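To start, the structure under review is shown below, and the notes come after it.
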Amino acid sequence: MRASNHLIGLLNFLTFLLSIPILGGGIWLSSRANNSDCLKFLQWPLIIIGVSIMVVSLAGFAGACYRNTFLMRLYLVAMFLVIAVLIGFIIFAYVVTDKGSGRRVTNRAYLEYYLDDYSGWLEERVASDSYWGKISSCIRDSRVCARMGRTINGVPETSDMFYSRQLTPIQSGCCKPPADCGYVYQNETVWNLGSGLMGANPDCTKWGNDQEQLCYACDSCKAGVLASLKKSWRKVSVINIVVMILLVIVYIIAYAAYRNNRRMDNDEPYGEARMTKAQPSAFHL
């Protein structure tokens, strides 16, 4: 009779421990929001979900160990809501980051990013003037472009070395002009006009060697932010899916423990004796 209670108590303790990666994922997104991705509202749902799982797990642990039916009932309702919210968040994260990826360019190891490849709610939010001013300022203040410089034995890297680098989406989109503009490499964040015609890409005219300007106003920079967000969210979603599966298993066992507690509260016997009580014979000696 107590086996399910002990099991759910153990599983809720493990769930409490598993909520730490979810909370850690939210904190990780928060740190990236401050240092690279620069979109500061996406981490809060994950942090709230992580804290909620911690609190609900403690309630389930107490309800199972002390056979408290009220706590178990509260736990079941709260856990159902947490699972529903977590599933909704996972679906939302995949839907808003479904479209868009970098494009490969000849003789370049890094990818190029174009805003036209992205669409949907997240693209509209990032590209809106009200948000982009704050995001671009955050990227500029993070000095992600200033940290791109490399030297080999005290000598700045050549163009061939730069072209063979694996740049992050934000470095590729914000710290250099698009490849189709025809600019000539001088160093990581200084590019001069070549002898040919400038490309038709509107970002070509938005580029500037001023270290406070670079390509922060370019659509390629917005696309780089979206690509970076996609990578971050997909990494966190893997953890969320694993935890969600474990939570569903815990919820099923918790329901069994709840039914067990109710039977004990009602002093209901098990097995054949229970059937006898439910349908007593007409005459007992």
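Computed from a prediction, not measured in an experiment: that's the story for all the values here.
Note that CG of L246 is 12.0 Å distant from CD1 of I241, once rounded to the nearest 0.5 Å. To the nearest 0.5 Å, atoms CE (M79) and CD1 (I53) are separated by 7.0 Å. Rounding to the nearest 0.5 angstrom, the gap separating the CZ atom in R147 from the OG atom in S142 is 6.0 Å.
Under the 2.5 Å SG-SG cutoff, C218 and C174 do not qualify as a close cysteine pair.
Note on residues 133-161: no pairs pass ring pair (Phe, Tyr, Trp, His ring centres under 6.0 Å), not counting sequence neighbours.
Nearest approach of C221 to C215, heavy atoms of both residues: CB-O, 3.3 Å.
In this structure R108 satisfies the salt bridge (charged side-chain N to carboxylate O under 4.0 Å, His left out) test with no other residue, sequence neighbours excluded. Listed by chain and residue number, F162 satisfy the ring-ring contact (aromatic ring centres under 6.0 Å, His included) test with Y110 (two or more places apart in sequence, or in another chain). Listed by chain and residue number, R165 satisfy the salt bridge (charged side-chain N to carboxylate O under 4.0 Å, His left out) test with E157 (two or more places apart in sequence, or in another chain). Residues that satisfy the side chain to side chain contact (heavy atoms under 4.5 Å, CB included) test with P177, not counting sequence neighbours, are Y183, W191, W207.
Side-chain contact of E112 with S220: a donor-acceptor pair under 3.5 Å is absent, judged by distance alone. A donor atom on one side chain and an acceptor atom on the other are found under 3.5 Å apart for Y131 and R125.
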Please output the side-chain donor-acceptor pairs of residues 87-101 that fall under 3.5 Å, not counting sequence neighbours, one pair per line with the distance.
{"from": "T97", "atom 1": "OG1", "to": "A93", "atom 2": "O", "distance (Å)": "2.5"}
{"from": "T97", "atom 1": "OG1", "to": "R234", "atom 2": "NE", "distance (Å)": "3.3"}
{"from": "K99", "atom 1": "NZ", "to": "S119", "atom 2": "OG", "distance (Å)": "3.4"}

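K231 is listed as a side-chain neighbour of P169, based on a closest heavy-atom distance under 4.5 Å.
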